[in-house]
Amino acid sequence: MRLGAHLMRFDAVEPARLGRELADTADAAEDAGLSWLSVMDHFFQMEPAGFPASDPMLEAYTTLGMLAGRTETVQLGALVTGVTYRHPGLLAKIVATLDVLSQGRATLGIGAAWYEKEHVALGVPYPPLKERFERLEETLQICRQMWDPEDEGPFEGAHYRLAETLCRPLPLSRPGRGPEILVGGSGERKTLRLVAQYGDACNLFETGPEEVGRKLDVLRGHCDAVGRDYADIRVTLLMGGDQLLRGDVDGFLAAARPYADLGVETVILRPPADVPLATWVRDHVAPAVPRVAELGAR
């Protein structure tokens, strides 16, 4: 099992210090041997999680570009991009650029979008849920086509029409296929089906080993239905890791071990609200990295 960090709070330092703070966090992540760094793709901080919308939030791909320039090994991605925020052709180009500039370390994390407040506030169209899922599936198809050098022709969908799907330079990772695609969410009827059909990875929440195991069984069923090898899908899990804030690595390992037994390959930790990100990675997350690796992976 590997360990990653999800950078979602930017209020522990003043805005003028955020650039330095992110640089120090990237350095700490590399030194610790983290396998993953992600950011949220939101424009407002999340009110549904109990935070004021006016709290600091950075644009995802600008931030990931900065992190790419400070790191050499860690995988980078948004957890996850809302399908409504960027036209799929532009999104495919953005992620391809991140992949090239990071030497093949980009993941496209994507989902159906949900935060209506920021859509309405900024004038971003927010179609009904059914249409958002339709757009998500077309976007996945477009990204695959944009990264395929053998298919640069048009794309004709119900919601998107592209005259050409030219993308140069092509992504460096997985030539002919492009960056890893992580479909976020755990909806059993639609989201996990899209993981099976188009995704390389999924991201689930820490809802208990029994519930996570049940979701993975549903994913296996979708893989069987579309003729996909379930073993090809990387399973990631978003956890709080509160034990590590207390220095209780053993307690964290006890909480993570049942997920490792289920085949979770990467545990992604969320930071606290009141600790600088670099301090959190260096002092609280780093000590757990070698111990988590001992849990193994599938």
Side-chain angles (χ1 to χ4, degrees), residues 6-15 18 22 38-67 76-95 97-98 106-143 146 155 157-162 181-195 198-199 202-205 207 238 240 268 270-273 277:
H6 182 48
L7 311 181
M8 54 180 285
R9 299 288 299 170
F10 305 105
D11 54 357
V13 299
E14 293 298 316
L18 266 175
L22 284 171
S38 55
V39 296
M40 291 199 296
D41 190 15
H42 286 295
F43 306 121
F44 294 173
Q45 188 54 262
M46 296 193 300
E47 283 187 342
F51 307 117
S54 57
D55 275 7
M57 177 57 62
L58 298 177
E59 194 280 322
Y61 288 96
T62 309
T63 306
L64 288 169
M66 185 267 188
L67 294 172
L76 301 165
L79 200 63
V80 293
T81 282
V83 71
T84 49
Y85 295 147
R86 297 166 190 83
H87 190 282
L90 299 180
L91 177 63
K93 180 65 177 179
I94 290 167
V95 176
T97 299
L98 177 65
T107 288
L108 169 60
I110 191 165
W114 59 269
Y115 198 178
E116 184 174 8
K117 178 185 178 71
E118 61 186 357
H119 288 78
V120 174
L122 299 181
V124 178
Y126 187 68
L129 182 61
K130 179 178 182 295
E131 181 179 329
R132 299 202 306 276
F133 270 102
E134 292 171 354
R135 289 177 178 271
L136 175 57
E137 184 159 13
E138 287 190 18
T139 296
L140 292 166
Q141 294 167 353
I142 290 166
C143 286
M146 288 277 292
F155 177 89
H159 302 286
Y160 302 111
R161 294 168 182 82
L162 286 70
I181 292 177
L182 182 154
V183 181
S186 58
E188 296 180 12
R189 188 167 63 88
K190 293 183 178 180
T191 304
L192 293 179
R193 177 187 67 79
L194 293 175
V195 173
Y198 300 101
C202 66
N203 181 252
L204 303 176
F205 293 100
T207 53
L238 195 62
I268 302 171
R270 295 172 296 187
L277 293 171

Enquirer: Let me confirm one number: the OH-CD1 distance from Tyr198 to Ile181, rounded to the nearest 0.5 Å.
Expert: 10.5 Å
Enquirer: Would you give the length of the straight line joining atom OG of Ser38 to atom CG of Asn203, rounded to the nearest 0.5 angstrom?
Expert: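 If we round to the nearest 0.5 Å, Ser38:OG and Asn203:CG are 8.0 Å apart.
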Enquirer: Just verifying a value: how many Å separate Thr62 OG1 and Leu98 CG, rounded to the nearest 0.5 Å?
Expert: 11.0 Å
Enquirer: Stepwise, does the side chain to side chain contact (heavy atoms under 4.5 Å, CB included) test hold for Glu118 with Val124?
Expert: CA-CA 8 Å; Glu118 61 186 357; Val124 178; over 6 Å; no
Enquirer: Report yes if some heavy atom in the side chain of Met8 is under 4.5 Å from a heavy atom in the side chain of Leu79; otherwise report no.
Expert: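 SC-SC contact between Met8 and Leu79 ruled out.
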Enquirer: Under the side chain to side chain contact (heavy atoms under 4.5 Å, CB included) test against Leu18, which residue among Asp11, Val13, Leu277 passes?
Expert: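 When side chain to side chain contact (heavy atoms under 4.5 Å, CB included) is applied between Leu18 and each of Asp11, Val13, Leu277, only Val13 qualifies.
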Enquirer: Taking side-chain contact (heavy atoms from CB on, under 4.5 Å) as the test, write out the residues that go with Arg193, two or more places apart.
Expert: Glu137, Gln197, His222
Enquirer: Please answer whether the main-chain N or O of Ala158 pairs with a side-chain N or O of Glu138 as donor and acceptor at a distance below 3.5 Å.
Expert: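 Flag set: sc Glu138 to bb Ala158 pair under 3.5 Å.
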Enquirer: Restricting to side-chain contact (heavy atoms from CB on, under 4.5 Å), what partner residues turn up for Glu47, sequence neighbours left out?
Expert: Ala53, Tyr115, Lys117
Enquirer: My understanding is that only residues two or more places apart in sequence, or in another chain, count here; which of them pass salt bridge (Lys or Arg N to Asp or Glu O under 4.0 Å) with Arg161?
Expert: Glu156
Enquirer: Show the numbers, then the answer: is there a side chain to side chain contact (heavy atoms under 4.5 Å, CB included) between His87 and Ile142?
Expert: CA-CA 10 Å; His87 190 282; Ile142 290 166; 5.6 Å; no
Enquirer: With rounding to the nearest 0.5 Å, note down the distance linking OG1 in Thr81 to NE2 in His42.
Expert: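 Between atom OG1 of Thr81 and atom NE2 of His42 there are 9.5 Å.
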Enquirer: Checking Leu7 against Thr63 for the side chain to side chain contact (heavy atoms under 4.5 Å, CB included) test, could you report, in this order, the C-alpha distance in whole Å, the side-chain angles of both residues, the deciding distance, and whether it holds?
Expert: CA-CA 10 Å; Leu7 311 181; Thr63 306; over 6 Å; no
Enquirer: Would you find a donor on one side and an acceptor on the other, under 3.5 Å apart, between the side chain of Arg132 and the backbone of Ala113?
Expert: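 Present.
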Enquirer: Checking Ala49 now: which residues fulfil side-chain contact (heavy atoms from CB on, under 4.5 Å) with it, not counting sequence neighbours?
Expert: Met46, Phe51
Enquirer: Can you confirm if the aromatic rings of His119 and Tyr85 lie within a centre distance of less than 6.0 Å?
Expert: yes
Enquirer: So how far is it from Leu192 CG to Cys202 SG, rounded to the nearest 0.5 Å?
Expert: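 It comes to 7.0 Å.
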Enquirer: The test is side chain to side chain contact (heavy atoms under 4.5 Å, CB included); show your working for Leu136 and Leu194 and say whether it passes.
Expert: CA-CA 9 Å; Leu136 175 57; Leu194 293 175; 3.6 Å; yes
Enquirer: Who passes side-chain hydrogen bond (donor to acceptor under 3.5 Å, both in side chains) against Gln45, sequence neighbours left out?
Expert: none
Enquirer: Let me confirm one number: the CE-CZ distance from Met57 to Phe10, rounded to the nearest 0.5 Å.
Expert: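 Between atom CE of Met57 and atom CZ of Phe10 there are 6.0 Å.
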Enquirer: Between Pro88 and Phe155, is any pair of side-chain heavy atoms under 4.5 Å apart?
Expert: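 In short, these two side chains do not touch, never coming nearer than 4.5 Å.
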Enquirer: Do Glu59 and Arg86 sit within salt-bridge range, that is, some charged N less than 4.0 Å from a carboxylate O?
Expert: yes
Enquirer: Taking salt bridge (Lys or Arg N to Asp or Glu O under 4.0 Å) as the definition, give me every residue that meets it alongside Arg135, ordered by chain and number, with sequence neighbours left out.
Expert: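 Counting only residues at least two positions away or on another chain, Arg135 forms a salt bridge (Lys or Arg N to Asp or Glu O under 4.0 Å) with Glu131.
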